[in-house]
Asks: 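Pasting a structure here, questions to come.
Numbers restart at 1 for each chain; the letters A, B, ... are given by sequence-line order, proteins then strands.
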Protein chains: 2
Amino acid sequence: MAGKLRAELKKRGDFESLEQEATLNLWRTSDQLSNRVGRLLRDFGLTSSQYNVLRILRGAGEPLPSLEIASRLIQVVPAITGLIDRLERNGLVVRQRSEEDRRVVHVELTRQARHLLERIDHPLQQLHHELLGHMSRRELKSLIELLETAREIPDTKTKKSQS
Amino acid sequence: MAGKLRAELKKRGDFESLEQEATLNLWRTSDQLSNRVGRLLRDFGLTSSQYNVLRILRGAGEPLPSLEIASRLIQVVPAITGLIDRLERNGLVVRQRSEEDRRVVHVELTRQARHLLERIDHPLQQLHHELLGHMSRRELKSLIELLETAREIPDTKTKKSQS
DNA sequence: GGCAAATAGTTAACATGTAAACTATTTACC
DNA sequence: GGTAAATAGTTTACATGTTAACTATTTGCC
């Protein structure tokens with residue numbers, strides 16, 4: 001066990017630590033899932049980032065400021081502008097300058113976007129099942145817990161700490 | 001347990017399945033690690049992709065054809081051209097048209113690149129330890145195994161029924 | 001020998017992620 | 001009430017990932 005990535009990458013024997021092996025496994029698994037999900041979304045004319053913006057807006061149930069969306073996307077701020085530009089161009093969101101605070105731009109889903117999301121829901125859920133459904137509930141829960149543990153970096157002295 | 005991501009994403013309650021929760025956890029963890037490693041590499045003037053090309057070349061111990069590098073990067077073919085362009089511009093690799101097969105372009109590390117890689121080795125290993133060192137060996141091995149299991153999608157050609 | 005198909009790599013066009021600098025507006029505070 | 005600092009968002013410049021279409025070369029095969 002724990003040697004498959006070595007074969008896949010043709011890099012037999014150059015893992016210098018268990019930590020590094022775990023990290024590379026994580027990246028590779030994440031990539032594989034991203035690719036599959038991205039392909040499905042492309043069939044609906046969306047990129048993953050665009051879908052995530054729409055999903056966040058639907059979850060919120062109301063228009064959100066651009067930076068609020070950005071903060072939930074784990075992305076850097078400037079990227080949100082172009083993302084919303086493209087969604088707006090495709091008729092999936094509308095921008096509205098706030099009245100109370102004119103610096104703020106509220107972003108709202110269009111009806112078209114809601115319909116699109118509804119069409120995606122089932123196939124996406126099915127895909128999630130296809131991709132990880134071969135794992136038992138116990139394995140999935142264990143994986144989730146280990147990933148949460150992995151993200152808990154104890155006191156990050158270098159650079160700024162997490163929020 | 002298994003509810004932290006909900007809080008982090010402010011999306012409480014909209015996981016529709018364990019599979020989806022695992023996938024989102026995976027992405028978030030992968031992103032966090034990428035960010036930290038990317039920041040370290042940036043201090044050495046490299047992006048993650050560039051570093052990976054150099055690491056692959058060092059591991060191979062000899063010049064490699066462009067597409068051979070691309071295949072080990074899990075990337076799509078066209079991206080490799082620009083990547084190598086930039087590495088060449090920065091004096092880290094050299095391109096050489098093959099004699100036996102003139103379609104092939106061999107890419108070779110420069111001495112400068114070897115020195116750079118040596119300077120990165122220790123800090124990077126240290127960072128890997130900082131990022132996941134709080135997990136026990138048992139947890140790390142378990143995580144690695146679960147990730148390998150996750151990647152084993154049973155029969156994946158087009159969209160088959162399911163597992 | 002000669003030509004279609006395969007292979008290696010590139011170019012083009014676009015979406016995204018990132019850092020740095022900028023504009024517009026609001027808030028703090030004296 | 002006037003100005004510095006903070007906040008929301010945009011612009012710019014560049015690296016990357018993606019698909020589609022293209023060039024150059026080699027191979028397969030009759």
Asks: Rounding to an integer number of Å, can you tell me how far B:Leu46 CG sits from C:dT18 C1'?
Replies: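 Atom-to-atom, B:Leu46 to C:dT18, this comes out as 16 Å.
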
Asks: With a 4.0 Å cut-off on heavy atoms, is A:Ile80 in touch with a base, just the backbone sugar-phosphate, or nothing at all?
Replies: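 Counting heavy atoms under 4.0 Å across all strands, no contact is made by A:Ile80.
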
Asks: Give me the residues of residues 102-109 of chain A where at least one heavy atom lies under 4.0 Å from an atom of DNA chain D, by number, or none.
Replies: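 Those residues whose heavy atoms fall under 4.0 Å from DNA chain D, taken from residues 102-109 of chain A in numerical order, are A:Arg103, A:Val104, A:Val105.
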
Asks: Would you confirm whether A:Thr23, through its side chain, and A:Glu19, through its main-chain N or O, come within 3.5 Å as a donor-acceptor pair?
Replies: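 Confirmed, A:Thr23 side chain pairs with A:Glu19 backbone.
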
Asks: Between the side chains of A:Arg28 and A:Asn25, does any donor sit under 3.5 Å from an acceptor?
Replies: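 The criterion, which ignores hydrogens and geometry beyond distance, is not satisfied for A:Asn25 and A:Arg28.
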
Asks: What is the separation between atom CZ on B:Arg97 and atom C1' on D:dT25, rounded to the nearest whole Å?
Replies: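 Going from B:Arg97 (CZ) to D:dT25 (C1'), I get 9 Å.
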
Asks: Are the side chain of A:Glu88 and the backbone of A:Arg95 linked by a donor-acceptor contact shorter than 3.5 Å?
Replies: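 Yes.
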
Asks: Do side-chain atoms of A:Glu68 reach the backbone of A:Pro65 as a donor and acceptor pair under 3.5 angstrom?
Replies: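 Not at all, since once roles are kept as given, no pair shorter than 3.5 Å links the two residues.
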
Asks: In whole Å, what is the span from the CZ atom of A:Arg39 to the P atom of D:dT18?
Replies: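 Computing the A:Arg39:CZ to D:dT18:P distance gives 11 Å.
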
Asks: Distance-only, no hydrogens or angles: does the B:Ser30 side chain make a donor-acceptor pair with backbone N or O of B:Leu26 under 3.5 Å?
Replies: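 The answer is no, because no donor-acceptor pair under 3.5 Å joins these two groups.
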
Asks: According to side-chain contact (heavy atoms from CB on, under 4.5 Å), who are the partners of B:Arg103, at least two apart in sequence or on a separate chain?
Replies: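 side-chain contact (heavy atoms from CB on, under 4.5 Å) check on B:Arg103 returns B:Asp101.
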
Asks: Would you indicate which nucleotide in D:dT26, C:dG9, C:dT18 comes nearest to any side-chain atom of B:Asp101?
Replies: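 Looking only at side-chain atoms, B:Asp101 lies closest to D:dT26.
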
Asks: Starting at the 5' end of DNA chain D, which residue's closest nucleotide do you reach first, B:Glu100 or B:Ser48?
Replies: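 Between the two, 5'-proximity favours B:Ser48.
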
Asks: When you measure from the side chain of B:His134 to the backbone of A:Thr149, do you find a donor-acceptor pair of N or O atoms at a distance under 3.5 Å?
Replies: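 Looks like yes, one N/O pair under 3.5 Å.
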
Asks: Calculate the interatomic distance between B:Asn35 atom CG and C:dA19 atom C1'; express it in whole Å.
Replies: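 It works out to 13 Å between those atoms.
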
Asks: Would you indicate what A:Pro65 reaches in the nucleic acid, counting non-hydrogen atoms under 4.0 angstrom: base, sugar-phosphate, or nothing?
Replies: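 A:Pro65: backbone/sugar contact only, no base atoms under 4.0 Å.
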
Asks: Classify A:Thr81 by what it touches in the nucleic acid, base, sugar-phosphate, or nothing, heavy-atom distance under 4.0 Å.
Replies: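 Touches a base.
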
Asks: Which listed nucleotide (C:dT10, D:dA15, D:dT10) is nearest to the side chain of B:Arg89?
Replies: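 For the B:Arg89 side chain, the nearest candidate turns out to be D:dA15.
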
Asks: Tell me: CG of A:Leu73 to C1' of C:dA15, nearest whole Å?
Replies: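 After rounding, the reported distance stands at 14 Å.
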
Asks: Checking contacts here: which listed nucleotide (D:dA8, D:dT10, C:dG17) is nearest the side-chain heavy atoms of A:Arg95?
Replies: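 Given the options D:dA8, D:dT10, C:dG17, the side chain of A:Arg95 is closest to D:dT10.
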
Asks: Can you tell me how far P of D:dT18 sits from CZ of A:Arg42, to the nearest Å?
Replies: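 After rounding, the reported distance stands at 9 Å.
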
